[in-house]
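Here is the structure we will look at.
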Amino acid sequence: MSKQYVPDLASLQLLGELNYRRVCKLMRGHEEQGAWHFSIHSAGDQESRLCLTLGQESRFTSEVTLIFGPATQNKVLFKTKLSMTVRLYHDVGIAEITDGHRQYRGTYPYPNDDMLHRDEKFRLNQQLADLLELCLKHGHRLHEAPLFQFA
């Protein structure tokens, strides 16, 4: 008999806090813009693009659409572009993936009709963390940065 899955809320919250910090680092110095574009070079001279686009905003939350994919269009039989909606909670400093209409539950029964993992919410937020870290370590901004001015 299998044990019931219990989500690790402390790890999920920590991941959300770190993702919030990563998104803020990518936007730093360009907060007034509505979109942030990055180029990421990886092994084999392949270039990928990461785009963050600001959506709905309110006093305590913002929605950002993240699109990640290859810089050139490859002729493959499967979809190579990844898109996700990230909700930023400014009052608590947490970022989490939503689908734009609903939030993911902390746990799902397995098997289920949508074939979601038991820990789907954690896995999606970990994927977001991996993409943001990749951009922070190996990416560069595609637009000119404003000139630094002394106070």
Side-chain angles (χ1 to χ4, degrees), residues 7-108 114-151:
D8 184 358
L9 296 179
S11 295
L12 186 61
Q13 183 174 359
L14 177 63
L15 186 58
E17 290 173 9
L18 293 174
N19 282 342
Y20 184 86
R21 290 179 188 175
R22 289 176 181 117
V23 170
C24 289
K25 275 185 184 180
L26 289 173
M27 295 178 180
R28 187 177 299 148
H30 302 274
E31 291 87 356
E32 71 284 349
Q33 295 179 350
W36 302 266
H37 302 273
F38 302 91
S39 176
I40 303 166
H41 294 277
S42 59
D45 265 351
Q46 294 184 15
E47 182 182 358
S48 298
R49 299 283 169 97
L50 182 114
C51 178
L52 297 169
T53 307
L54 186 62
Q56 295 179 343
E57 281 189 290
S58 67
R59 184 175 178 189
F60 298 111
T61 61
S62 298
E63 280 193 357
V64 176
T65 302
L66 181 144
I67 298 173
F68 177 78
T72 58
Q73 192 68 356
N74 297 338
K75 293 185 179 187
V76 292
L77 298 176
F78 52 89
K79 185 177 172 183
T80 59
K81 191 177 280 187
L82 172 70
S83 178
M84 58 181 73
T85 303
V86 180
R87 186 167 291 148
L88 304 173
Y89 299 97
H90 305 296
D91 53 343
V92 292
I94 291 179
E96 74 168 343
I97 293 180
T98 66
D99 65 0
H101 305 288
R102 68 174 177 86
Q103 296 176 339
Y104 288 93
R105 294 191 319 208
T107 182
Y108 288 92
D114 295 327
M115 290 308 297
L116 299 172
H117 292 280
R118 290 175 147 179
D119 58 346
E120 187 76 14
K121 184 172 186 171
F122 185 83
R123 288 178 185 227
L124 287 171
N125 284 288
Q126 183 62 54
Q127 183 181 29
L128 172 64
D130 294 342
L131 284 174
L132 295 174
E133 271 301 309
L134 179 71
C135 188
L136 285 168
K137 288 182 179 178
H138 302 288
H140 65 274
R141 191 177 304 274
L142 289 176
H143 297 290
E144 289 290 325
L147 296 174
F148 181 78
Q149 296 182 0
F150 291 100

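Reckoned from all heavy atoms, side chains included, excluding hydrogens, waters and symmetry mates. Since the structure is predicted, the reported quantities are computational estimates derived from the model, not experimental observations.
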Subject >> CZ-NZ distance between Phe68 and Lys81, expressed to the nearest 0.5 angstrom >> reply: 11.5 Å
Original post:
Can you name the nearest heavy-atom pair linking Asn19 to Leu132, along with the distance?
Top reply: O-CD1, 3.9 Å
**OP:** Check Leu15 against Gln126 and note the closest heavy-atom contact, atom names and distance.
**Re:** CD2-N, 3.5 Å
Subject >> Distance (rounded to the nearest 0.5 Å) between Cys135 SG and Ile40 CD1 >> reply: 4.0 Å
**OP:** Starting at CG of Asp99, measure out to CE of Met84 and round the result to the nearest 0.5 Å.
**Re:** 12.0 Å
**OP:** List for me each residue that meets salt bridge (Lys or Arg N to Asp or Glu O under 4.0 Å) alongside Glu120, sequence neighbours excluded, and say none if there are none.
**Re:** none
**OP:** Look at the side chain of Trp36 and the backbone N and O of Leu26, then say whether any donor-acceptor pair between them is shorter than 3.5 Å.
**Re:** no
Original post:
Do the side chains of Gln127 and Ile97 get nearer than 4.5 Å, heavy atoms only?
Top reply: no
Original post:
Rounded to the nearest 0.5 Å, how far does CG of Leu142 lie from SG of Cys51?
Top reply: 9.5 Å
**OP:** Examine distances only and state if a side-chain atom of Glu57 and a backbone atom of Gly55 form a donor-acceptor pair shorter than 3.5 Å.
**Re:** no
**OP:** Determine the minimum heavy-atom distance between Leu66 and Leu52, stating which atoms define it.
**Re:** CD1-CD2, 3.6 Å
**OP:** Find the distance between CG (Leu124) and OG1 (Thr98) and round it off to the nearest 0.5 Å.
**Re:** 10.5 Å
Original post:
Who are the salt bridge (Lys or Arg N to Asp or Glu O under 4.0 Å) partners of Arg123, not counting sequence neighbours?
Top reply: Asp119
Original post:
Looking at side-chain heavy atoms only, is the closest gap between Gln33 and Met27 below 4.5 Å?
Top reply: no
**OP:** Could you pull out all residues at least two apart from Glu47 that satisfy salt bridge (Lys or Arg N to Asp or Glu O under 4.0 Å)?
**Re:** Arg49
Subject >> Shortest non-hydrogen separation from Tyr89 to Tyr20 and the atoms involved >> reply: O-CE1, 3.8 Å
Original post:
Which heavy atom in Ala95 sits nearest to a heavy atom in Leu88, and how many Å separate them?
Top reply: CB-CD2, 3.5 Å
**OP:** State which residue, out of His90, Gln56, Arg87, fulfils the side chain to side chain donor-acceptor pair (under 3.5 Å) condition with Ser62.
**Re:** His90
Original post:
How many angstroms lie between CD in Glu63 and OG in Ser58, if you round to the nearest 0.5 Å?
Top reply: 9.0 Å
